[in-house]
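Heads up: the structure comes next, in structure tokens.
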Amino acid sequence: MATRLLQRVRQTAHNVLKNQLAEATHRFFPRNRPLAVLACVSGGSDSMALLDVLERMRNLDPSYDLRVVHFDHGLRGEDSSLDRQLVVDTCERLRGDFEVYVREWEEGNSKHPKGLQDAARRWRSQELEQIVSNEMKAYNVAVAVGHQADDSVETVFLKLLRGSHLANLQGISGVVKEGEVVKLRPLLEFAKCELIDYLREVGMEWREDKSNESGVYRRNRVRAELIPILQSLAGSPKALTDRINELSAQASLLESWIDEYLESKPQNHSHCNHTKVFTPDLSEPKLIQRERLARFLTRRKGGDAVFARSVQAIFEMLEKNEGGGTKTVDIGGGYQALCQGGEVRVVEPESRES
């Protein structure tokens, strides 16, 4: 007989996934194609819980095809091989005809100016696009990932530490399109500890990635050091998650208002992707001026975010405009913003080197 925890996780996840699939179908998918869910399964507790929940739900509602992808980075020696074997063996045990895509990390992928983690993320994104566009091109594919409530809380605090714009202080979205890949996150209602308890109750094995315990990465320190203190001060993990969700919802409303304003009053140049010069309209509210500049800088950086402090520094220079000389602001990734005569230009790293 299913316990209260099993019932809650399965029922909640089922309802969330059903709603997310409906939203994805409405927003992104063409009609007259069969639906498929591609689950990203690493072998960790979150993704193994995702796999179990999705397979049980598919047995109840076979309206979509379910497949699995595992990314073998090969960076942890035998541990990487054991992760891969666990995923493959579990899929075979759950269903003999489970289709599992395994993608292997190639030497040279780690050579990326932003480091190993960013290189790995980009590689996974490229592989997902390849699977969706080629192997599963006959389907409307929703990629399911195992992010849970703790991940969303960590994301907000990481944005705070980096210096995010207020409208961007949001957790992880349940439905999002990244390039050509539509991603769903049906486990955002649950804390990691709940998913571990769920796995124990269903008797499913999982593996822990020891690199997640390393203090080298900021996210790991936020997870291991900061979050437990805040959960204690808030009264419980759920209380902290609720507070962060409230903040995230308000930030989302602010972002929606800004989007509507910018769409209703497009600037004649700075909103265009090809524009290389930004000139603020000083008659607009300062919030809108800064948001226009932030989006301009982000586009010029190829989509990489710009810190709020960089935007503030640029506006301070524009407002002073001392002597009409050229002022520069480092906006990250080797890019610089040049401020002169009330205008802003972005200089790319390659242009500076030449």
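The chain is numbered in sequence order, starting from 1.
- Looking at every heavy atom in both residues, Ser42 comes nearest to Asp83 through O-CB, 3.7 Å.
- The nearest pair of heavy atoms linking Asp330 to Tyr335 is OD1-O, 3.3 Å.
- Classification of Asp72 and Arg84 as a salt-bridged pair holds, one side-chain N sitting under 4.0 Å from a carboxylate O.
- The pair Arg223-Asp150 does not meet the salt-bridge criterion, since no charged nitrogen lies less than 4.0 angstrom from a carboxylate oxygen.
- With hydrogens and angles disregarded, a donor-acceptor distance shorter than 3.5 Å links the side chain of Asn59 to the backbone of Glu55.
- The heavy-atom pair separating Ala120 from Trp105 by the smallest distance is CA-CZ3, 3.4 Å.
- Classification of Lys18 and Asp61 as a salt-bridged pair fails, no side-chain N sitting under 4.0 Å from a carboxylate O.
- Taking 4.5 Å as the limit, some side-chain heavy atom of Asp151 sits within range of a side-chain heavy atom of Asp46.
- Legend: residues meeting salt bridge (Lys or Arg N to Asp or Glu O under 4.0 Å) with Glu246, ordered by chain and number and at least two apart, are Arg243.
- Partners of Asp242 according to the salt bridge (Lys or Arg N to Asp or Glu O under 4.0 Å) rule, which considers only residues two or more places apart in sequence or in another chain, are Lys238.
- No side-chain donor-acceptor contact under 3.5 Å links Glu92 to the backbone of Asp89.
- Residue Gln126 holds its CD atom at 12.5 Å from CD1 of Ile131, rounded to the nearest 0.5 Å.
- Arg95 forms a cation-pi arrangement with Phe98, by the criterion of a distance under 6.0 Å to the ring centre and an angle within 45° of the ring axis.
- Atom CG of Asn15 sits about 14.5 Å away from atom CZ of Arg10, to the nearest 0.5 Å.
- Judged by distance alone, with hydrogens and angles left aside, the side-chain atoms of Glu99 form no donor-acceptor pair with the main-chain N or O of Val68 at under 3.5 Å.
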Indicate every side-chain donor-acceptor pair of residues 164-177 with a distance under 3.5 Å to a residue at least two apart or in another chain.
from   : atom 1 : to     : atom 2 : distance (Å)
His165 : NE2    : Val306 : O      : 3.4
Gln170 : NE2    : Ala167 : O      : 2.8
Gln170 : NE2    : Glu255 : OE1    : 2.9

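- Leu94 and Leu17 fall within the same hydrophobic cluster, defined by Ile, Leu, Val, Met, Phe, Trp and Tyr side-chain heavy atoms under 4.5 Å apart, directly or through other members.
- Not counting sequence neighbours, the partners of Glu225 by the salt bridge (Lys or Arg N to Asp or Glu O under 4.0 Å) test are Arg221.
- The shortest side-chain heavy-atom distance between Leu21 and Leu35 falls under the 4.5 Å cut-off.
- When atom types are taken as modelled, the side chain of Lys159 and the backbone of Glu154 share no donor-acceptor pair closer than 3.5 angstrom.
- The closest side-chain heavy-atom distance from Val132 to Val143 is below 4.5 Å.
- Between the SG atom in Cys40 and the NE2 atom in His147 there is a gap of 9.0 Å [rounded to 0.5 Å].
- A donor-acceptor pair is defined here as one N or O able to donate and one able to accept, closer than 3.5 Å; no such pair exists between the side chain of Ser248 and the backbone of Ile244.
- Looking only at atom types and distance, the side chain of Glu189 has no donor-acceptor partner in the side chain of Gln148 under 3.5 Å away.
- Using a 4.5 Å heavy-atom cutoff, the side chains of Glu205 and Leu86 are in contact.
- Remark: side-chain polar atoms of Arg56 are not paired, donor with acceptor, to backbone N or O of Leu51 under 3.5 angstrom.
- Enclosure of atom CZ in Arg4 is not indicated, since only 12 or fewer non-hydrogen atoms of other residues, nucleotides or ligands lie within 6.0 angstrom.
- Contact between Ala39 and Leu66 at its shortest, heavy atoms only, is CB-CD1, 4.4 Å.
- The pair Glu343-Arg345 meets the salt-bridge criterion, since a charged nitrogen lies less than 4.0 angstrom from a carboxylate oxygen.
- Linking ILVMFWY side-chain heavy atoms closer than 4.5 Å, directly or via other members, places Leu318 and Ile288 in two distinct hydrophobic clusters.
- A single hydrophobic cluster is seen to contain both Val141 and Phe71, as judged by linkage of ILVMFWY side chains at heavy-atom distances under 4.5 Å, directly or through other members.
- One distance of note links CZ of Arg58 with CG of Asp65; it measures 6.0 Å at 0.5 Å rounding.
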Result block: side-chain N/O donor-acceptor pairs under 3.5 angstrom for residues 280-287, not counting sequence neighbours:
from   : atom 1 : to     : atom 2 : distance (Å)
Asp281 : OD1    : Ser283 : N      : 3.0
Asp281 : OD1    : Ser283 : OG     : 2.6
Asp281 : OD2    : Ser283 : OG     : 3.3
Glu284 : OE1    : Arg292 : NE     : 2.9
Glu284 : OE2    : Arg292 : NE     : 3.4
Glu284 : OE2    : Arg292 : NH2    : 2.8

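- Taken together through direct or relayed side-chain contacts under 4.5 Å among Ile, Leu, Val, Met, Phe, Trp and Tyr, Val16 and Val37 form parts of separate hydrophobic clusters.
- For the pair Met57 and His14, the tightest heavy-atom approach, listed with the atom from each and the gap, is CE-CA, 3.3 Å.
- At a cut-off of 3.5 Å, with distance as the only test, a side-chain donor of Glu201 or Thr3 sits close to an acceptor on the other residue.
- For the atom pair Phe296 CZ and Arg300 CZ, the distance stands at 6.0 Å (nearest 0.5 Å).
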| request: Assess whether side chain to side chain contact (heavy atoms under 4.5 Å, CB included) is satisfied between Ser236 and Gln231, documenting all intermediate values. | output: CA-CA 5 Å; Ser236 68; Gln231 289 174 338; over 6 Å; no
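- Separating the CG atom in Leu128 from the CG atom in Leu38 is a distance of 6.5 Å, to the nearest 0.5 Å.
- Following chains of ILVMFWY side-chain contacts shorter than 4.5 Å, one can reach Leu50 starting from Leu5, so the two form part of one hydrophobic cluster.
- Considering only heavy atoms from C-beta on, Lys301 stays 4.5 Å or farther from Thr298 through its side chain.
- Side-chain contact of Asn19 with Glu23: a donor-acceptor pair under 3.5 Å is absent, judged by distance alone.
- Each of Ile314, Val344, Val346 was checked for a side-chain contact (heavy atoms from CB on, under 4.5 Å) with Phe278, and the lone residue meeting it is Val344.
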| task | Apply the test side chain to side chain contact (heavy atoms under 4.5 Å, CB included) to residues Thr90 and Arg93: give CA-CA distance (whole Å), side-chain angles for both, the deciding distance (0.1 Å), then the verdict. | result | CA-CA 5 Å; Thr90 302; Arg93 177 175 58 82; 3.7 Å; yes
| task | Just do the side chain to side chain contact (heavy atoms under 4.5 Å, CB included) check on Ile331 and Gln336 with the steps written out, would you? | result | CA-CA 5 Å; Ile331 59 174; Gln336 284 193 340; 5.8 Å; no
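- Using a 4.5 Å heavy-atom cutoff, the side chains of Glu135 and Gln130 are in contact.
- For Glu127, the salt bridge (Lys or Arg N to Asp or Glu O under 4.0 Å) test picks out Arg103, with sequence neighbours left out.
- A donor-acceptor contact shorter than 3.5 Å links the side chain of Ser264 to the backbone of Tyr261.
- Residue Pro228 comes nearest to Val222 through the heavy atom pair CD-O, 4.4 Å, listed as atom of the first residue, atom of the second, then distance.
- Other residues, nucleotides and ligands place no more than 12 heavy atoms under 6.0 Å from the CD atom of Glu180.
- Contact of the Ile258 side chain with the Arg295 side chain is registered, since non-hydrogen atoms from C-beta on lie closer than 4.5 Å.
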| request: Please assess Tyr139 against Arg67 for the test side chain to side chain donor-acceptor pair (under 3.5 Å), listing each intermediate value before the final yes or no. | output: CA-CA 12 Å; Tyr139 293 87; Arg67 303 184 187 185; 3.2 Å; yes
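- Side chains of Arg290 and Val311 form a contact here, defined as non-hydrogen atoms less than 4.5 Å apart.
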